[in-house]
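In what follows, a structure is listed as structure tokens, so that the remarks can point back to it.
Counting begins at 1 with the first residue of the sequence.
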Amino acid sequence: MSVFSYSNRSMPTDWPPLKLYLRETGRQFFSVSDLVYLQAVANYSWLNWADGRRMLMPRTLKYYSPQLPTELFIRLHRNCVVNRQFVERLERTETGGLVHLSTGEVLPVSRRRWSLVRRQLASHRSYLS
């Protein structure tokens, strides 16, 4: 098992906000820098925010991916995309790996994507230094 640690400094972004339609309040705009991760479940996506909110949206990750800045978001698994600003450390396991977030959550990394995710986070770390 190996463990890598990453800085949690924020990256400036001028990316346009996500436009989401909420049944209760109608169309609203959300900053992508506050989005911690997205997780797919069938044809829906859970959007998990820095303030602890979770929103189930009737769209797939394929719909949201082009709306997210590639310099901030990394695909960990076929059903999970994470904002690298919230990644604290990376841990290698027999089944792939784990990403530990500053929110206390732990997300799996597929075996196939492990080396790519590790490289992307390492390049992000050198970008911040």
Side-chain angles (χ1 to χ4, degrees):
M1 176 176 75
S2 60
V3 176
F4 302 93
S5 292
Y6 296 97
S7 172
N8 193 27
R9 287 184 270 167
S10 61
M11 247 172 103
T13 180
D14 295 331
W15 202 260
L18 280 178
K19 296 175 208 155
L20 303 175
Y21 180 81
L22 306 177
R23 183 176 285 171
E24 308 82 34
T25 56
R27 186 176 306 265
Q28 288 194 316
F29 297 91
F30 295 89
S31 171
V32 293
S33 61
D34 293 334
L35 183 58
V36 179
Y37 69 97
L38 298 88
Q39 201 156 26
V41 179
N43 288 327
Y44 292 86
S45 296
W46 281 104
L47 279 60
N48 298 274
W49 302 92
D51 62 5
R53 279 184 299 168
R54 291 186 75 208
M55 302 161 78
L56 183 63
M57 302 303 290
R59 303 267 187 190
T60 62
L61 287 183
K62 190 175 181 179
Y63 172 82
Y64 290 111
S65 291
Q67 299 180 53
L68 302 172
T70 56
E71 64 273 7
L72 282 183
F73 288 85
I74 301 172
R75 189 159 206 138
L76 301 178
H77 207 276
R78 65 182 169 83
N79 67 352
C80 190
V81 176
V82 70
N83 185 336
R84 66 176 79 202
Q85 289 178 267
F86 294 95
V87 173
E88 279 192 342
R89 65 187 176 95
L90 201 52
E91 179 182 350
R92 178 77 172 163
T93 65
E94 309 81 42
T95 58
L98 299 172
V99 168
H100 296 263
L101 304 178
S102 58
T103 61
E105 295 170 284
V106 179
L107 301 172
V109 179
S110 70
R111 283 190 315 256
R112 189 172 284 188
R113 292 187 187 270
W114 169 257
S115 58
L116 177 62
V117 168
R118 196 174 77 184
R119 276 196 312 269
Q120 286 177 319
L121 287 171
S123 68
H124 170 68
R125 185 176 182 203
S126 63
Y127 174 82
L128 290 176
S129 299

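Once rounded to the nearest 0.5 Å, the distance linking CG of L116 with CD1 of I74 reads 8.0 Å. Distance check: H100 NE2 to R89 CZ gives 3.5 Å after rounding to the nearest 0.5 Å. The CD atom of E105 sits 10.5 Å away from the CZ atom of F86 when rounded to the nearest 0.5 Å.
Only one option out of L56, V81, L61 pairs with S45 in a side chain to side chain contact (heavy atoms under 4.5 Å, CB included); it is L61.
When the side chains of ILVMFWY residues are joined at heavy-atom separations under 4.5 Å, either directly or via intervening members, L72 and L18 end up in a single hydrophobic cluster. Under the 4.5 Å side-chain heavy-atom criterion for ILVMFWY residues, a single connected hydrophobic cluster contains both L68 and L47. In terms of hydrophobic clustering, with Ile, Leu, Val, Met, Phe, Trp and Tyr side chains grouped at heavy-atom distances under 4.5 Å, L35 and M57 are assigned to a common cluster. Cluster annotation: V36 and L121 are assigned to the same hydrophobic cluster (Ile/Leu/Val/Met/Phe/Trp/Tyr, side-chain heavy-atom contacts under 4.5 Å, transitive).
Put simply, the side chain of F73 does not reach to within 4.5 Å of the side chain of R84, judged on heavy atoms. At a threshold of 4.5 Å between non-hydrogen side-chain atoms, the residues L76 and Y37 do not count as touching. N83 has its side chain out of reach of V32: every pair of non-hydrogen atoms, C-beta onward, lies at least 4.5 Å apart.
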I'd like a table of donor-acceptor pairs (distance under 3.5 Å, sequence neighbours excluded) in which one partner is a side-chain atom from residues 20-29, with atom names and distances.
none

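Residues that satisfy the side-chain hydrogen bond (donor to acceptor under 3.5 Å, both in side chains) test with S65, not counting sequence neighbours, are absent from this structure.
Within the structure, the side chain to side chain donor-acceptor pair (under 3.5 Å) test picks out the following pairs touching residues 47-59 (sequence neighbours left out): N48-R54, D51-R53.
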